[in-house]
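Proteins come first, then strands; the chains are lettered A, B, ... in the order of their sequence lines, and each starts at number 1.
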Protein chains: 2
Amino acid sequence: MEDNTARFEKLLVKNGLKRTAPRLQVLEILSGRDSATSQPYLEQVMGKDADRVTLYRVLQAFEEKGIIHKVLDQQGTANYAICSDGCSAHEHHDEHVHFNCDNCHKIYCLDTVKIPALKVPAGFKVDHLNLIATGLCASCSDKVN
Amino acid sequence: MEDNTARFEKLLVKNGLKRTAPRLQVLEILSGRDSATSQPYLEQVMGKDADRVTLYRVLQAFEEKGIIHKVLDQQGTANYAICSDGCSAHEHHDEHVHFNCDNCHKIYCLDTVKIPALKVPAGFKVDHLNLIATGLCASCSDKVN
DNA sequence: TTATATTTGCAACATAATTGCATTAAAATG
DNA sequence: CATTTTAATGCAATTATGTTGCAAATATAA
């Protein structure tokens, strides 16, 4: 799992995207984190390596191709995480629960927790489900006690 | 159910808020809609009747008192709906499902649908759940067929 | 009717996101 | 390997969204 760069380059090519510095950098940052990453954080980390507009466009392209998925936190800020295998441009499989910690504000993708089936009123056709739980993450509830 | 104004005035007084024109207007608009209403829509409808800042502050005050609740749609836009009875400043009971129609972009509060209980990994402590379903609402899926 | 406490509106500012366009860089081609 | 083609970047300008401080106005209490 060492040579990420080679892996990322394949990922880009596979999706018809050119191998550029800003794109590799975004993948590098996202893969090094255990929770979803906010746009402002990315912007700050990348600094002047890439224009703000470029970052927006990189994220948008990645989302369209199914490389990353977007989660909105309780404030409405966009956060991004690398999709698990199985996502593609045509179909996102990110219907797991996202956990938004009230203390550290990290967003965890709880891949193991599936969203239970849901009964909706007649006529409504559910396409996607998006469940965000808020509370304290394991690390923060430790510290509080 | 005709004289809304009197009802709204009581609601304001009960929550220690003064009876002002912008507040009554917001309540009037929200109560006349069958789905959650976006901040931009409210801003547009109110036009120059109220300053943009006033609208933000009215919405914020209402949310704090438990008169309305905020739902973020898939784009991260704030939408507001009048709370069902039982909400207060201390406790929001809006843990029902919100349905975001992909076609008409309305947001429905599905009060009758409860969010199923959830198993989370050890250590995580869930405080609130927020489930947004996307797809076609009853009215739009009619039209498509 | 006057006093007081809240609420409003304005101006200025801060942040987040989008668009058009010229320039640059990556991959494809011969 | 030079050249062409196509995609991506960076910059400037613009729009949308949300916030803060403060003076003026207004609702309620006294």
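Running 5' to 3' along DNA chain D, contacts with non-hydrogen atoms of chain B at under 4.0 Å begin and end at dT17(D) to dT28(D).
Counting heavy atoms from C-beta outward, Phe8(A) and Ser31(A) have side chains that approach closer than 4.5 Å.
An OP1 or OP2 oxygen of dA17(C) is reached within less than 4.0 angstrom by a side-chain nitrogen or oxygen of Gln39(A).
As judged by a 4.0 angstrom heavy-atom cut-off over every strand, Ala78(A) is placed among residues making no nucleic acid contact.
Rounded to whole Å, atom C1' of dC10(C) lies 17 Å from atom CG of Asp49(B). For Tyr56(A) and dG20(C), the OH to P distance is 17 Å, given to the nearest whole Å.
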Scan nucleotides 11-14 of chain C against the protein and return all N/O pairs shorter than 3.5 Å with their distances rounded to 0.1 Å.
none

Nucleotide N/O to protein N/O under 3.5 Å, stretch nucleotides 23-30 of chain C:
unit_1: dA26(C); atom_1: N3; unit_2: Lys18(A); atom_2: NZ; d: 3.4
unit_1: dA27(C); atom_1: OP1; unit_2: Arg19(A); atom_2: N; d: 3.1

Check your understanding: Can you check side chain to side chain contact (heavy atoms under 4.5 Å, CB included) on Val126(A) and Thr134(B), steps first, answer last?
Key -> CA-CA 6 Å; Val126(A) 175; Thr134(B) 61; over 6 Å; no
Check your understanding: Step by step, would you call Glu28(B) with Thr5(B) a side chain to side chain contact (heavy atoms under 4.5 Å, CB included)?
Key -> CA-CA 8 Å; Glu28(B) 202 65 60; Thr5(B) 308; 4.1 Å; yes
Point to revise | Derivation of the side chain to side chain contact (heavy atoms under 4.5 Å, CB included) call for Thr20(A) and Thr54(A) | key: CA-CA 11 Å; Thr20(A) 67; Thr54(A) 300; over 6 Å; no
**Study point:** Test side chain to side chain contact (heavy atoms under 4.5 Å, CB included) applied to Leu136(B) and Asp127(A), step by step
**Key:** CA-CA 8 Å; Leu136(B) 290 179; Asp127(A) 188 33; over 6 Å; no
N/O donor-acceptor pairs under 3.5 Å from side chains in residues 39-50 of chain B, not counting sequence neighbours:
unit_1: Gln39(B); atom_1: NE2; unit_2: Glu43(B); atom_2: OE1; d: 3.0
unit_1: Tyr41(B); atom_1: OH; unit_2: Arg33(B); atom_2: NH1; d: 3.4
unit_1: Asp49(B); atom_1: OD2; unit_2: Gln25(B); atom_2: NE2; d: 3.1

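Residue order along DNA chain D, read from the 5' end via each residue's closest nucleotide, puts Arg23(A) first among Arg23(A) and Glu43(B).
Between His69(A) and His98(A), the ring-plane angle classifies as tilted under the 30° and 60° cut-offs.
By the ring pair (Phe, Tyr, Trp, His ring centres under 6.0 Å) test, Tyr80(B) is found to be paired with no residue, residues two or more places apart in sequence or in another chain being considered.
At least one donor-acceptor pair under 3.5 Å links the side chain of Asp73(B) to the backbone N or O of Gln75(B). Asn79(A) contributes a side-chain N or O that, together with a main-chain N or O of Thr77(A), makes up a donor-acceptor pair within less than 3.5 Å. Using a distance-only test at 3.5 Å, with no hydrogens or angles considered, a donor-acceptor pair links the side chain of Arg23(A) to the main chain of Lys18(A). The backbone N or O of Val53(A) lies less than 3.5 Å from a partner atom in the side chain of Asp51(A), making a donor-acceptor pair.
Ile132(A) and Phe99(A) fall into different hydrophobic clusters, defined by Ile, Leu, Val, Met, Phe, Trp and Tyr side-chain heavy atoms under 4.5 Å apart, directly or through other members.
Taking the screw axis at each terminus of the helix from dT1(C)-dA30(D) to dG30(C)-dC1(D) from five consecutive base pairs, the angle between the two is 30° to within rounding of 10 degrees.
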